[in-house]
Amino acid sequence: MASGRAPEGANTEDGAQAENGAHVEDGTAAETAPASPAVAAADAAGPASGETVRIDSWIWSVRLVKTRSMGATACRGGHVRVNGERVKPAYAVRVGDEVRLRHAGQERIVVVKRLIRKRVGAPVAIQCYVDNSPPPPPREAVAPAGVRDRGAGRPTKRDRREMERLRGVGGPDDAS
């Protein structure tokens, strides 16, 4: 009935217990944990040794643009620069390159840390580049014009004129 072995997860006579229930002689747990899922996903999405990655594919896979065709269009339009030079969509990007992308009214400046060719999740994509982009400009503090209390009813002509005056919209009868 007694097997001479401690049940899994129980402390052994020297007080050491490994995470998986196995006893380790020096009192420390064995390092058998696999690499994080993010690193494994990035490695799986990366090119085989010796292969290159196109710039349009890379900016799509690290989620700087929504689709690969948008990345190719940005390259053709001159919105993508690698190390200061405009590039075509088929340009082979390398680790250490600085990529500047003008997209959606702002400029993104990133340095390539890892090459991947398949689109991955956002936490994994962030590990593939260093973002050196300037912070976005602060939003203008504008008082909400024309916000009325709920249930106040339809605005009167006087209310409408006050809202237009606040917005700066003047009509032909606004001579005062």
Side-chain angles (χ1 to χ4, degrees), residues 19-20 28-150 152 155 159-160 162-171 174:
E19 291 176 11
N20 61 358
T28 60
E31 299 272 340
T32 59
S36 71
V39 173
D43 289 340
S49 62
E51 291 184 16
T52 60
V53 178
R54 293 170 51 115
I55 185 67
D56 61 341
S57 176
W58 187 83
I59 63 176
W60 165 74
S61 60
V62 296
R63 298 176 169 265
L64 295 178
V65 292
K66 214 173 221 183
T67 64
R68 182 171 172 186
S69 63
M70 284 176 72
T73 304
C75 290
R76 278 189 237 107
H79 300 289
V80 178
R81 293 177 178 263
V82 177
N83 298 327
E85 297 181 18
R86 288 183 178 181
V87 293
K88 293 181 178 181
Y91 180 85
V93 69
R94 294 184 299 266
V95 174
D97 285 346
E98 180 189 62
V99 178
R100 291 177 175 257
L101 170 71
R102 278 185 310 179
H103 181 67
Q106 72 179 55
E107 184 174 29
R108 299 285 307 266
I109 303 169
V110 297
V111 177
V112 180
K113 277 178 40 179
R114 175 178 284 166
L115 296 178
I116 58 173
R117 76 175 50 223
K118 294 180 183 174
R119 192 165 172 100
V120 293
V124 179
I126 291 172
Q127 295 178 356
C128 296
Y129 61 87
V130 177
D131 195 355
N132 295 333
S133 304
R139 292 187 177 212
E140 297 176 11
V142 178
V147 176
R148 296 176 50 84
D149 292 333
R150 187 170 176 95
D159 293 338
R160 179 184 56 83
E162 287 178 6
M163 286 189 287
E164 287 177 355
R165 184 180 53 80
L166 287 172
R167 281 193 219 130
V169 179
D174 199 24

Under 3.5 Å, which donor-acceptor pairs link side chains of residues 71-89 to any protein atom two or more places apart or in another chain?
{"unit_1": "T73", "atom_1": "OG1", "unit_2": "S69", "atom_2": "O", "d": "2.8"}
{"unit_1": "H79", "atom_1": "ND1", "unit_2": "R102", "atom_2": "NH2", "d": "3.2"}
{"unit_1": "R81", "atom_1": "NH1", "unit_2": "G84", "atom_2": "O", "d": "3.3"}
{"unit_1": "N83", "atom_1": "OD1", "unit_2": "E98", "atom_2": "N", "d": "3.0"}
{"unit_1": "N83", "atom_1": "ND2", "unit_2": "D97", "atom_2": "OD1", "d": "3.1"}

Do [X] and [Y] have side chains that approach each other closer than 4.5 Å (heavy atoms only, starting at C-beta)?
X: E107; Y: P134; answer: no
X: V110; Y: N132; answer: no
X: P155; Y: M163; answer: yes

Of all the heavy-atom pairs spanning S61 and A125, show the shortest one and how long it is.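 That would be O-CB, 4.3 Å.
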[atom1] of [X] to [atom2] of [Y]: how many Å apart, nearest 0.5 Å?
X: E164; Y: L166; atom1: CD; atom2: CG; value: 10.5 Å
X: I55; Y: R94; atom1: CD1; atom2: CZ; value: 11.0 Å
X: W58; Y: L115; atom1: CH2; atom2: CG; value: 8.0 Å
X: K118; Y: W60; atom1: NZ; atom2: CH2; value: 10.0 Å
X: T52; Y: Y91; atom1: OG1; atom2: OH; value: 11.0 Å
X: R165; Y: R160; atom1: CZ; atom2: CZ; value: 13.5 Å

Who pairs with D131 by side-chain hydrogen bond (donor to acceptor under 3.5 Å, both in side chains), at least two apart in sequence or on another chain?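 Scan of D131 (side-chain hydrogen bond (donor to acceptor under 3.5 Å, both in side chains), adjacent residues dropped) gives R108, S133.
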Show the numbers, then the answer: is there a side chain to side chain contact (heavy atoms under 4.5 Å, CB included) between V112 and V99? CA-CA 7 Å; V112 180; V99 178; 3.9 Å; yes
For R119 and R68: C-alpha separation, side-chain torsions, deciding distance, then whether side chain to side chain contact (heavy atoms under 4.5 Å, CB included) applies. CA-CA 10 Å; R119 192 165 172 100; R68 182 171 172 186; over 6 Å; no
